[in-house]
Q: 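Got a structure for you, written out below as structure tokens; questions coming shortly.
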Amino acid sequence: MSAERQMVTLTPEISSIPDSGPFPSRVTLELTNRCNLNCTFCPRRLMERHQGDMPNALACRLLDEMADHLPVTLVPFFRGETLLHPDWRKILSYAKKRGIGPVQLTTNAMLLDTKAAAAIVDLEIDFISFSLDTVDPYLYERTRRGSSYATVLTNIRRFLELKARRNRRLPVVQVSAVATREHLPGIDAFVSFWQPLVDRVRVYIEHSGDGRPGSINEPLPAFSQRLPCFKPFTDMVVYWDGMTALCNHDWTRTPAETLGNASEQSLAAIWQGTRYQEVRQAHRYGEVSDLIPCNHCDHWKMYYLEDGHLGQVYENPPD
């Protein structure tokens, strides 16, 4: 892949908006918003300073509700490092026992020691993504402050070896990079190194660099009008403290802006509530100028591109 963004093609017809239904099809549970790294390009700078871990009782109650509306995709990760939660194993194990899935986890792999790797392999979660960005140890440690390239490389290799030794099909393993200006010159080397080793390599577009969540500072196809984002019709995010948000670009919400509080309401009640309905109507009619973070977000465009995503995906065929 060259450093320049590849040309994309619009689909000949605009896809229909998904039916929101009685319950979200994808739920993100932020088990913690604490992180062990301080990456130079991370939108965590947009997040409120208050940090904590989702209580086990809340996580399990939400998982019980999700189990009543299967199938539901679970993303047990948002603004922090999930492996910092003291009971992440118990929570993910409970999700699997309740039949929730697919379960999609992302980690920076610094805490992926032998015990953690064995737990994830044995749980057979559906998908795991390791965030690395570069094969240059110096650049890695300069942009991923607080991390160690040697430690992360060892942890991921051990994880892959353990999965192969136990002959497990799952999880599907992805390694990802964010295409920042610093990372772009080495992206080809990154893809070449990791593609033979994992199921998928993903290169994400850098976003929120101007301080506006979801904004992208590079050319994207022009549209004559703002079209609906699908996320308000499919996705719900629950912060660690129970407050709900729209999507993975909704990095901060005050109690006054929340769509609802999952500590006090069911997810279904929030999903079907007045505020969510207002957000969906705003998207249907392109009236998002006062809707945060949608008013500055560019990711809605991915639903109208031929490949259905921003950035690049390099997938290996299944065995």
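Each residue takes its place number in the sequence, starting with 1. Small disclaimer: the values here were computed from a predicted structure and weren't measured.
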Q: Any chance the side chains of D290 and N295 put a donor and an acceptor closer than 3.5 Å?
A: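 On atom types as modelled, these side chains do not qualify, holding no pair under 3.5 Å.
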
Q: For residues D53 and T32, is any side-chain donor paired with an opposing acceptor at under 3.5 Å?
A: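 On atom types as modelled, these side chains qualify, holding a pair under 3.5 Å.
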
Q: Between R79 and E30, does any side-chain N to carboxylate O distance fall below 4.0 Å?
A: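 Looking at R79 and E30, the cut-off is met.
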
Q: Could you walk me through whether W194 and Y314 pass the ring-ring contact (aromatic ring centres under 6.0 Å, His included) test, one step at a time?
A: CA-CA 10 Å; W194 283 107; Y314 304 86; over 10 Å; no

Q: Under the rule for ring pair (Phe, Tyr, Trp, His ring centres under 6.0 Å), what residues qualify as partners of W88, not counting sequence neighbours?
A: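 For W88 there are no ring pair (Phe, Tyr, Trp, His ring centres under 6.0 Å) partners, ignoring immediate neighbours.
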
Q: Checking one residue: L170. Which other hydrophobic residues are in its cluster under the side-chain 4.5 Å linking rule?
A: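 Noted: L170 shares its cluster with F127, V172.
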
Q: Taking only residues two or more places apart in sequence, or in another chain, which ones meet E182 in a salt bridge (charged side-chain N to carboxylate O under 4.0 Å, His left out)?
A: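 Here the qualifying residues are R142.
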
Q: Do F23 and V279 share a hydrophobic cluster, counting only Ile, Leu, Val, Met, Phe, Trp and Tyr and linking them when any side-chain heavy atoms are less than 4.5 Å apart?
A: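 Yes, F23 and V279 fall within the same hydrophobic cluster.
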
Q: Please, which pairs that meet salt bridge (Lys or Arg N to Asp or Glu O under 4.0 Å) have at least one residue in residues 101-120, sequence neighbours excluded?
A: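 Passing the test, one end in residues 101-120: no pairs.
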
Q: Measuring from Q104:CD to R26:CZ, what's the distance to the nearest 0.5 Å?
A: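 Going from CD on Q104 over to CZ on R26, the span is 5.0 Å.
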
Q: Checking R226 now: which residues fulfil salt bridge (charged side-chain N to carboxylate O under 4.0 Å, His left out) with it, not counting sequence neighbours?
A: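 Result, salt bridge (charged side-chain N to carboxylate O under 4.0 Å, His left out) vs R226: none returned.
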
Q: Between N33 and Q51, do the side chains contain an N or O donor and an N or O acceptor separated by less than 3.5 Å?
A: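 No, Q51 and N33 have no side-chain donor paired with an acceptor closer than 3.5 Å.
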
Q: Under the ring pair (Phe, Tyr, Trp, His ring centres under 6.0 Å) rule, collect the residues that match up with H296, sequence neighbours excluded.
A: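 Expected list: none.
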
Q: Do S20 and R280 pass the side chain to side chain contact (heavy atoms under 4.5 Å, CB included) test, and can you show the C-alpha distance, the side-chain angles, and the key distance before you say yes or no?
A: CA-CA 9 Å; S20 60; R280 293 184 189 115; 3.6 Å; yes

Q: For the rings on W271 and Y276, is their centre-to-centre separation under 6.0 Å?
A: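 Ring centres of Y276 and W271 closer than 6.0 Å.
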
Q: Mind running side-chain hydrogen bond (donor to acceptor under 3.5 Å, both in side chains) on E141 and S147 for me, showing each step along the way?
A: CA-CA 6 Å; E141 293 179 8; S147 192; over 6 Å; no

Q: Tell me whether L58 shares a hydrophobic cluster with L259, the cluster being built from Ile, Leu, Val, Met, Phe, Trp, Tyr side chains joined at under 4.5 Å.
A: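 They do share one cluster, since a chain of ILVMFWY contacts under 4.5 Å joins L58 to L259.
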
Q: Can you confirm whether the side chains of H183 and T180 place a donor and an acceptor under 3.5 Å from each other?
A: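 There is such a pair (donor and acceptor under 3.5 Å, judged by atom type) between the side chains of H183 and T180.
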
Q: With ring pair (Phe, Tyr, Trp, His ring centres under 6.0 Å) as the rule and sequence neighbours excluded, what pairs involving residues 158-179 come up?
A: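 Found F130-F159.
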
Q: Can you list everything that forms a salt bridge (charged side-chain N to carboxylate O under 4.0 Å, His left out) with R275? Sequence neighbours excluded, please.
A: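 Per chain and number, R275 pairs via salt bridge (charged side-chain N to carboxylate O under 4.0 Å, His left out) with E278.
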
Q: Tabulate below the donor-acceptor pairs under 3.5 Å that side-chain atoms of residues 68-76 make, not counting sequence neighbours, or state none.
A:
none

Q: Please identify each residue that fulfils salt bridge (charged side-chain N to carboxylate O under 4.0 Å, His left out) with R166, with sequence neighbours left out.
A: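 Applying salt bridge (charged side-chain N to carboxylate O under 4.0 Å, His left out) to R166 gives D122.
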
Q: Can you list the residues that meet the ring pair (Phe, Tyr, Trp, His ring centres under 6.0 Å) rule with Y94, with sequence neighbours excluded?
A: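 Not a single residue meets the ring pair (Phe, Tyr, Trp, His ring centres under 6.0 Å) criterion with Y94.
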
Q: Determine, step by step, whether N316 and D199 satisfy the side-chain hydrogen bond (donor to acceptor under 3.5 Å, both in side chains) criterion, reporting the C-alpha distance in whole Å, the side-chain angles of both residues, the deciding distance to 0.1 Å, and the verdict.
A: CA-CA 5 Å; N316 290 325; D199 301 299; over 6 Å; no

Q: According to ring pair (Phe, Tyr, Trp, His ring centres under 6.0 Å), who are the partners of Y239, at least two apart in sequence or on a separate chain?
A: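 Result, ring pair (Phe, Tyr, Trp, His ring centres under 6.0 Å) vs Y239: none returned.
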
Q: Check step by step if side chain to side chain contact (heavy atoms under 4.5 Å, CB included) holds for R181 and F41.
A: CA-CA 10 Å; R181 182 176 299 179; F41 50 89; over 6 Å; no

Q: Test side chain to side chain contact (heavy atoms under 4.5 Å, CB included) on E124 and R168; report intermediate values, then the result.
A: CA-CA 8 Å; E124 291 192 276; R168 296 294 171 86; 3.6 Å; yes

Q: Once rounded to the nearest 0.5 Å, what's the spacing between atom CD1 of I128 and atom NZ of K163?
A: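 These two atoms lie 10.0 Å from each other.
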
Q: Under 4.5 Å between side-chain heavy atoms, counting indirect links through other Ile/Leu/Val/Met/Phe/Trp/Tyr residues: same cluster for V191 and V175 or not?
A: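 Yes, same cluster.
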
Q: Show the numbers, then the answer: is there a side chain to side chain contact (heavy atoms under 4.5 Å, CB included) between H249 and H207?
A: CA-CA 9 Å; H249 301 292; H207 64 85; 3.7 Å; yes

Q: May I ask whether V178 and F190 are part of the same hydrophobic cluster, defined by side-chain heavy atoms of I, L, V, M, F, W, Y residues being less than 4.5 angstrom apart, directly or through others?
A: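 In one cluster: no.
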
Q: Give the intermediate values and the outcome of side-chain hydrogen bond (donor to acceptor under 3.5 Å, both in side chains) for residues N108 and E81.
A: CA-CA 7 Å; N108 59 46; E81 169 54 53; 3.1 Å; yes

Q: Would the distance check show the side chain of T244 and the main-chain N or O of V238 forming a donor-acceptor pair, the cut-off being under 3.5 Å?
A: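 Checked: no pair found.
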
